[in-house]
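Step one of this worksheet: look at the structure below.
Both counts, for ligands and for their atoms, begin at 1 and track the order of listing. Because only heavy atoms are used, hydrogens play no part in the values below, and waters and symmetry mates are left out as well, while side chains stay in.
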Amino acid sequence: MYKVYLKPGKEESLKRFHPWVFSGAIARFDGEPEEGNVVEIFTAKKEFIAKGHFQIGSIAVRVLSFNENEAIDEAFWKNKLQIAYNMRRAIGVAGNPTNNTYRLVHGEGDNLPGLVIDIYDRTAVMQAHSAGMHMDRMQIAQALSEMMGDAIDNIYYKSETTLPYKADLGAENGFIKGGSSNNIATEYGLKFHIDWLKGQKTGFFVDQRENRSLLEKYAHGRSVLNMFCYTGGFSVYAMRGDAKLVHSVDSSAKAIDLTNKNIELNFPGDKRHEAYAEDAFKYLDRMGDQYDLIILDPPAFAKHRDALRNALQGYRKLNVKAFEKIKPGGILFTFSCSQAVSKENFRTAVFTAAAMAGRSVRILHQLTQPADHPVNIYHPEGEYLKGLVLYVE
Ligand code: SAH
């Protein structure tokens with residue numbers, strides 16, 4: 001097996017079980033590994049410390065195991081997937097008659113850096129974010145199929161846009177197993193069309209489940225604006241929560257189609273809902289002050305650290321508009337899913353916005369990603385979703 005030797009002292013983060021080796025920490029290679037190969041990592045004193053997938057780039061190795069005797073084979077994948085599944089059962093999102101939409105594997109959070117698997121009823125959507133997970137996809141799919149038994153029929157592989165483009169892996173989206181056009185899944189008793197073929201991420205934003213559920217509790221009798229609605233997740237929960245009216249807005253016409261379809265699926269013919277394909281900033285400028293429950297769940301404004309300043313400005317501008325228009329006694333659910341934006345930075349952007357609008361604001365809840373998107377304690381970077389629920393006097 002290929003070996004990687006670290007520069008002296010560069011094993012410290014691995015000793016604390018951090019799952020990445022940066023390229024700058026590497027002194028030399030034994031052999032010439034190709035992208036996606038499993039390599040063994042040794043300290044400068046030639047002591048084994050970890051093994052993982054090699055890739056060209058700033059993160060050179062993503063650790064799969066800290067155990068020298070553990071082989072990375074089908075049994076390895078099956079064991080890791082089983083551990084992940086048991087956890088989802090333990091927290092009640094899997095094996096739940098009212099819910100068959102959940103994240104089975106959340107990358108580093110499940111000690112499988114570079115791999116995401118979402119379950120939508122009888123279909124698993126598998127996504128590789130590293131060359132190694134792409135190379136091992138068939139073995140992983142086989143292990144997944146065995147581990148899940150007859151609980152799933154289909155495995156759809158969706159990695160065309162998530163792999164490092166320089167590696168030129170030529171990944172193609174498609175079914176590895178089965179092939180179903182039934183794409184309706186259930187989240188806490190609500191039905192959703194999941195567009196794994198064309199949709200963003202694996203087709204649905206599974207990570208907002210618990211926050212959507214919280215929103216439902218606040219929706220009663222309120223006029224709701226769901227900004228950046230995508231599949232209409234928050235809107236469907238607001239409808240069930242007995243909102244007076246629900247308006248969904250997204251700049252993408254496809255998203256608006258999906259939202260309308262999902263509302264129709266759960267509340268056919270219900271006139272309380274309307275959807276608009278429009279830019280968020282334009283809509284917020286032209287809308288009146290009829291809303292007393294507003295959701296702002298924009299796409300990641302900062303995809304990289306260098307975009308941080310602009311991103312914070314973006315969050316501030318967006319939130320100012322909501323604070324200016326929301327009715328007295330209104331509730332604002334505001335989010336950031338940018339990993340590069342810290343909880344503190346996001347909070348500062350939001351409270352600056354509140355001050356600019358001159359509103360008196362209290363924090364009711366501080367939200368994050370749900371338990372099926374766990375944060376590996378040794379990899380705090382895995383915490384990415386931040387939300388605040390605010391009472392605006
Ligand atoms: N809240 C959603 C996820 C939002 S994803 C859920 O619970 O599933 C972000 C969405 O913002 C995408 O659907 C994208 O089309 C939309 N979007 C991006 N830029 C926008 C803009 N300037 N105005 C309105 N919508 C925008």
Side-chain angles (χ1 to χ4, degrees), residues 99 101-103 118 120 125 161 183 185-188 190-196 198-216 218-219 224-241 243 246-263 265-266 273-287 293-303 307 310-311 313-322 332-339 341 367-370 372-373 384-389:
N99 189 73
T101 303
Y102 61 93
R103 177 154 292 192
D118 286 336
Y120 299 115
V125 180
T161 57
N183 66 348
T186 307
E187 187 184 88
Y188 288 166
L190 293 165
K191 292 188 216 110
F192 291 95
H193 290 281
I194 313 291
D195 186 8
W196 51 68
K198 298 258 159 57
Q200 302 177 47
K201 299 224 231 179
T202 61
F204 193 63
F205 282 60
V206 185
D207 58 359
Q208 287 286 25
R209 181 200 320 105
E210 304 304 321
N211 302 332
R212 291 192 271 256
S213 186
L214 179 67
L215 175 101
E216 183 178 353
Y218 285 105
V224 180
L225 170 64
N226 180 13
M227 185 53 78
F228 308 98
C229 63
Y230 186 32
T231 59
F234 282 101
S235 306
V236 176
Y237 278 78
M239 296 287 281
R240 189 168 68 179
V246 180
H247 291 169
S248 305
V249 179
D250 197 291
S251 56
S252 145
K254 268 195 198 145
I256 293 303
D257 276 353
L258 257 176
T259 296
N260 281 327
K261 266 182 154 177
N262 286 331
I263 294 281
L265 192 59
N266 293 279
H273 180 261
E274 281 169 35
Y276 307 94
E278 196 171 336
D279 174 72
F281 290 89
K282 285 197 184 131
Y283 187 90
L284 289 164
D285 278 339
R286 78 164 173 86
M287 74 183 199
L293 179 47
I294 298 180
I295 302 122
L296 299 176
D297 185 23
F301 282 168
K303 295 243 191 303
N310 283 343
Q313 241 173 46
Y315 289 117
R316 204 180 63 217
K317 278 193 192 152
L318 186 66
N319 282 278
V320 170
K321 291 189 192 293
L332 175 64
F333 277 62
T334 184
F335 295 96
S336 163
C337 60
S338 303
Q339 195 165 354
V341 174
L367 306 178
T368 182
Q369 62 220 54
D372 55 343
H373 294 56
Y384 68 99
L385 185 62
K386 298 151 288 280
L388 293 168
V389 182

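In this structure, the side-chain contact (heavy atoms from CB on, under 4.5 Å) partners of A275, at least two apart in sequence or on a different chain, are S248, I256, N260, H273. Under the rule for a salt bridge (charged side-chain N to carboxylate O under 4.0 Å, His left out), the partners of D285 that lie at least two apart in sequence or sit in another chain are K321. K191 pairs by the side-chain contact (heavy atoms from CB on, under 4.5 Å) definition with I184, T186, L265, N266, not counting sequence neighbours.
For ligand 1, the 4.0 Å heavy-atom shell contains residues Q200, F205, R212, F228, C229, Y230, T231, F234, D250, S251, S252, E278, D279, A280, D297, P299.
Of the possible polar contacts, one joining the D250 side chain to the Y230 backbone as a donor-acceptor pair under 3.5 Å is found.
When each of E216, R212, E187 is checked for a side chain to side chain donor-acceptor pair (under 3.5 Å) with Y237, only E187 meets the rule.
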Checklist line | Verdict with reasoning, Y120 to T202, per side-chain hydrogen bond (donor to acceptor under 3.5 Å, both in side chains) | finding: CA-CA 10 Å; Y120 299 115; T202 61; 2.6 Å; yes
